[in-house]
Each structure stands twice: as C-alpha cells, then as structure tokens.
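In what follows, a single structure is set out as structure tokens and then discussed.
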Amino acid sequence: MRKKRTPAKWITACRNHPMSFLQRVLVFLAAFITFSILVALIVYILVMGVPNLRPSLFAWKYTSENASMLPAIINTLVMIVLVLLLSVPFGVGAAIYLVEYAKRGNKLVKLVRITAETLSGIPSIVYGLFGFLMFVVALHMGNSMLAGALTLAIMVLPTILRTTEEALKAVPDSFREGSFGLGAGRLRTVFRIVLPSAVPGIFSGVILAIGRVVGETAALIFTSGTVTGVAGGLLESGRTLAIHMYCLLNEGLYTKEAYATAVVLLVLVIGINALSGAVAKRITKS
Amino acid sequence: MKRGNQLNFREFAMQIVFLATACVSILAVILICVFLFANGIPTMREIGFVNFLFGTTWAPNQNLYGIFPMIIASIIVTAGAILIGVPAGLLCAIFLARFCPPRLYKILKPAAELLAGIPSIVYGFFGLMVIVPLMQNLVGGGGKNIITASLMLGIMILPTIINVAEASIRAVPQSYYEGSLALGATHERSVFSATLPAAKSGILAGIILGVGRAIGETMAVVMIAGNQPILPESILSGVRTLTANIVLEMGYATDLHREALIACGVVLFVFILLINLCFSALKRRAE
C-alpha cells in the first residue's frame, strides 16, 4: 500500500526527511553489499572451479598426480554416518528427557541448557585439541575416523538437542493427553505419538549437523588425520573433503584441484541447505 | 499384576536412560574442561604464567613461549571484524525485518542461511584468491594483514549477527512502531528510533555471539592473516592469532612445544567461556 516513489518524490523525500532518507539508503546498501558478497563468492568458485573438474579427480585411488578427491568424499560420507550414529541417540534422548520427563524448574534441566549453550559456543579448534588429548592420546585411538567422529559428535550434540527440543515442544499437548487417556504409558506415548509427529523437526536438526560435519576442518585435522586413502576401518585415519582441500592448499601445488574441491564442497553445502529449507517448509505447512 | 510391574520397570528404566543421555552434554563440558586445564595449567606454570601470557617472543626452538602477540592479534582482528560486520549485519537485519518485500525475503532469508553454511575453508580460499590480491593492489605488500583478516571475519560473522538481530527486531511489539508512525515519524525513523532501541539487548547478544565466532575462527584466518608471531606495527602488518598458532604448529610440535600450543588453546577457551558468560547474562536480560 506504500506510494510508488518516482525520482521527483525521491528528491522531495530527501529534502523533507534527510535523516530518514540516509537511513533508507544505508539499509538498502548494506543488504545489497551483503548479498552481492554471497553471490560473488558462489559465482567466483563456480566459474574458477567447474572447468577444473576433471574425471581424474574422481579416480578410485589418490596419487600425487591426480590428487583425487573421491576417497575424501567417501570418508566424508562415512564420517557423517558415524557422527549421526553417535550424536542423534544422545541428542534426541536428552531432548526427550528435557521436554517429556523433567519437571518445571528442575535444576538439572537448567544445567543441561547451560552446558549445551557452552558447547555450541566452543570453537572447532578447541574441539580439535580436546579430541586430540582425549581420544587420540588418552584413549589410544590414534588419528582415526572414530576419534574424529567422537569429537564431532560432541560438537553437533547441542544442535540436535536444541532442534529436537523445539520439535517436541511444538507437538500439541492434546496428542499426549489423548494417548494417556487411552491408557498408554509415558514411554508408549513418547515413542508412538510424540516422536513420530516431531520427526520433521528432528530431521532438520540432523541436516544442520550434516552441514557442520561436511564443512569441518579445524576439529578434524588432529583427530581423524590427513591420510589420503579411504579409511579401511574405524581406527584408521582418513581425510574428509574439507581437510583434503586444506591439505591441497597447504602443499601449494594443487590450486586447480583446490578450486575443483571447493566447487564440490559448495555444491554439497548448497544442496544440504536447500534440503533443510524444504523440510522447514513442510513443517510450517503441516 | 505382574505385567503391570514389568511395564513400570520398563518405564522406570527408560526414564533413567533418557536422564543419562541428558547428562551427556554436562559430562562433555566437564571432560573438555578437565582435559584442557589438566594439560594447559601445568605447562603455563612450567613456562611461567607471566612469561607465557605477556612474553612477546614466540620462538619454540629457543624455548621461548610468549603468546602476547597472538593474544593481541586475536583481539585486534576480532575488533576489526566487529567494526565491519556489525554495522553491515545490523542494517541487513533491519532490511530483512522491516524493509524487505515478502517476495524478495523468500530468496534472501535462505541466502543468509547459506552464508552461515559455507565452510570456513571455502571462505579462506576465497579470501586468499580474491581479497589478498585486492589488498596487494590497494596497499602493496603481501596483502595478508590485519585488514584482510578483519574483512574476511567481518563477512563470516554476518549471518550470526543478521539472524540474531533480525529475530530480536521482529520480537519488538508492532505497537511501538505504530505509535511512532502515529506521531508523524517516517517509516525509517520509526524503525530506527522506536523499534531498534527496544531490540537493543537482543542485538547486543548477537554481537557477542559474533565476537565468539570471530575469535574462534581458524581455517579462514590462517590462510589470510600472514601468520607472523610478532606484535603488529600497523594495521598493514601480518599477524598470527591464537587459533592460527595452534593449527600451524600442532602438526609437528613435540614435548613442551606441543604443551605450549595446548596451553594456547586453554587461553582461547577461557576467552570463549567469558564471552559465553556475557552472552547468557545478556540473553537472560533480553528475555
């Protein structure tokens, strides 16, 4: 319903309310700059990277000639699965306790909230150091997928906890009352009634966690290590895609390959984001 | 009767299981604190707290472990990031909350989320390939300096600030804005002078969250900040942050050198804990 602004009106607006005009200009400028940076970044990576995507980059075996990223992609997928296996049960279980079992004003609930908040604020390099000290050194796992996955599982735990909590809270109480009214116990209510209706919300948390695993570097360098091949077992080292890219850049000889890896990473992240957007849309619709 | 008991037992057992999973995050924080402090504090004592925190020379081969230049570098670079990221992010949040047509919002909101999802290694790569050469042309030298790093970090904290600020602007009751309009203020003035002050503590919480992001950021900074472990002479000098110091040397460090790097992480961790404390205090006030 706002009036259409013709150039003449812009000038009068500028003369009558110079401050408002300035504010308006600043707001639009900031938004424009922010989003053009994003566009510039994506376009730059795609333009520079796509021509460098050669079939040899997806060879089964990494050699110093082809700098193949396929082993790293496989390691990334394995890492995602491991991290989810380790973090989802705990995150979801904790959320169930907080929402379905804990009484209001419970001291423990407060403590869990505070610690989860603390965990989400810790930078990934500190996680990396901790994982190195605890899993790699103290528990003698060495640089291994398992050590990396355990570290990342702790890192994404607050994400899953928070999203699941929100999803559980969004389930109407009438669902629970209906279930109790029909004689079901608390446990059956949780698993048969509450959890199924909260699945999309939990799923969005899982997607967020996947995004973090895919992009993570600092927490993994010293825990899962930088070995180039596909990790043969849980206790073997293997580099994920983000670490692969870091190593390529560090060696300085593989700029083209790094561009190509950046494209794959970027496409993965955009895909993950689109998926989470789609899930969010479904939640709001239902 | 027996079946009832069994059911009760199962209910009880599962409640304990859920309780145990809830305690995992508490346990994780305790473990992180214990492992970091148990490794870092003795090292600091060995090097000497003052020598470690305020020593200006970092030369592991001469057994000199002063991290003062790194602490200063982390603080300066973070301050620079805030200087760049906060005005841009805040204005952007105002745009999204109060100026953006709904149709454009549908595109820009996911875009802001994507900005948060891009891995820091990709940001660093972009910085290395685009911002560093740009700096070389603009000011000469190697192009890896405080300004480059601040600019990069300023961009990286944008999504954090945009999201938190937008949410807190939206949380301000519409009546504030309407009241201001009714008094004859323009749309812009109402937003800036009536809505924005009411969202102050939420916005401040977002800024603190951004500070935490910036000070903890590693991979992007290590690629573009220059990494000289000396006190910067000007904003065009290269610097090495606490995080960069760890990543650069952890791979080959042994003995006391490695311990010193872990102690470096402990200092960073303490910074983060303090920032978190400020954040939760503010958030409580905002609620």
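Convention: sequence-line order gives letters A, B, ...; per-chain numbering from 1.
Only the side chain of B:Ile272 comes within contact range of chain A, with at least one heavy atom under 4.5 Å from a heavy atom of that chain. Of the two parts of A:Phe32, neither the backbone nor the side chain holds a non-hydrogen atom closer than 4.5 Å to a non-hydrogen atom of chain B. Heavy-atom distances place the side chain of A:Leu266, and not its backbone, under 4.5 Å from chain B. Within the 4.5 angstrom heavy-atom criterion, only side-chain atoms of B:Ile162, from C-beta onward, approach chain A. With a 4.5 angstrom heavy-atom cutoff, B:Ser280 touches chain A via backbone and side-chain atoms both.
The candidate from A:Ile114, A:Ile154, A:Thr255, A:Leu111 with the greatest count of non-hydrogen atom pairs under 4.5 Å with chain B is A:Leu111. Interface check for chain B: of the options A:Ala262, A:Gly277, A:Ala218, the most heavy-atom pairs under 4.5 Å are formed by A:Ala218. Each of B:Ile94, B:Ile155, B:Ile246, B:Leu96 has some count of heavy-atom pairs under 4.5 Å with chain A, and the biggest count is that of B:Ile246. Contact tally against chain B (heavy-atom pairs below 4.5 Å) for A:Gly91, A:Pro123, A:Ala116: the top residue is A:Pro123. Per-residue heavy-atom pair counts under 4.5 Å with chain B were compared for A:Leu157, A:Leu249, A:Ile37, and the maximum is reached by A:Leu249. Listed options A:His17, A:Glu100, A:Met48, A:Met245 were ranked by heavy-atom pairs under 4.5 angstrom with chain B; first place goes to A:Met245.
Proximity of a side-chain donor or acceptor of B:Glu11 to a complementary backbone N or O of A:Arg186 within less than 3.5 Å is detected.
In terms of heavy atoms, A:Tyr97 sits closest to B:Gln15 at CD1-O, 4.2 Å. Closest heavy-atom contact between B:Ala112 and A:Phe35: N-CE2, 3.9 Å. Of all heavy-atom pairs spanning B:Ala22 and A:Ala94, the tightest one is CA-CB, 3.5 Å. The shortest non-hydrogen separation linking A:Val269 to B:Pro119 is CG2-CD, 3.6 Å. The two residues B:Gly251 and A:Phe222 make their nearest non-hydrogen contact at N-CE2, 3.9 Å. When all heavy atoms of A:Val112 and B:Ser25 are compared, the pair lying nearest together is CG1-OG, 3.8 Å.
Separating the CG atom in B:Leu277 from the OG1 atom in A:Thr118 is a distance of 8.5 Å, to the nearest 0.5 Å. Taking CZ of A:Phe135 as the reference point, atom CZ of B:Phe35 lies at 8.0 Å (rounded to 0.5 Å). Atom CD1 of residue A:Ile96 and atom CE of residue B:Met14 lie 7.5 Å apart, to the nearest 0.5 angstrom. Note that CD1 of A:Ile42 is 5.0 Å distant from CG of B:Leu114, once rounded to the nearest 0.5 Å. Atom CG of residue A:Leu133 and atom CZ of residue B:Arg258 lie 7.5 Å apart, to the nearest 0.5 angstrom. In this structure, A:Ile122 CD1 and B:Leu273 CG are separated by 6.5 Å, a value rounded to the nearest 0.5 Å.
No more than 12 heavy atoms of other residues, nucleotides or ligands sit less than 6.0 Å from atom NZ of A:Lys256. Within 6.0 Å of CZ in A:Phe180 there are more than 12 heavy atoms belonging to other residues, nucleotides or ligands. Annotation: A:Phe90, atom CZ; neighbour count of heavy atoms from other residues, nucleotides and ligands within 6.0 Å does not exceed 12. Counting heavy atoms of neighbouring residues, nucleotides and ligands inside a 6.0 Å radius, atom CZ of B:Arg240 exceeds 12 of them.
Ion pairing between A:Arg24 and B:Glu188 holds under the 4.0 Å rule for side-chain N and carboxylate O.
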List the steps and the verdict of side chain to side chain contact (heavy atoms under 4.5 Å, CB included) for A:Leu187 and B:Phe18. CA-CA 11 Å; A:Leu187 197 60; B:Phe18 288 137; 4.2 Å; yes
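Taking the six-membered ring where the residue is Trp, B:Phe95 and A:Phe28 present perpendicular rings, their angle passing 60° and hence far from 30°.
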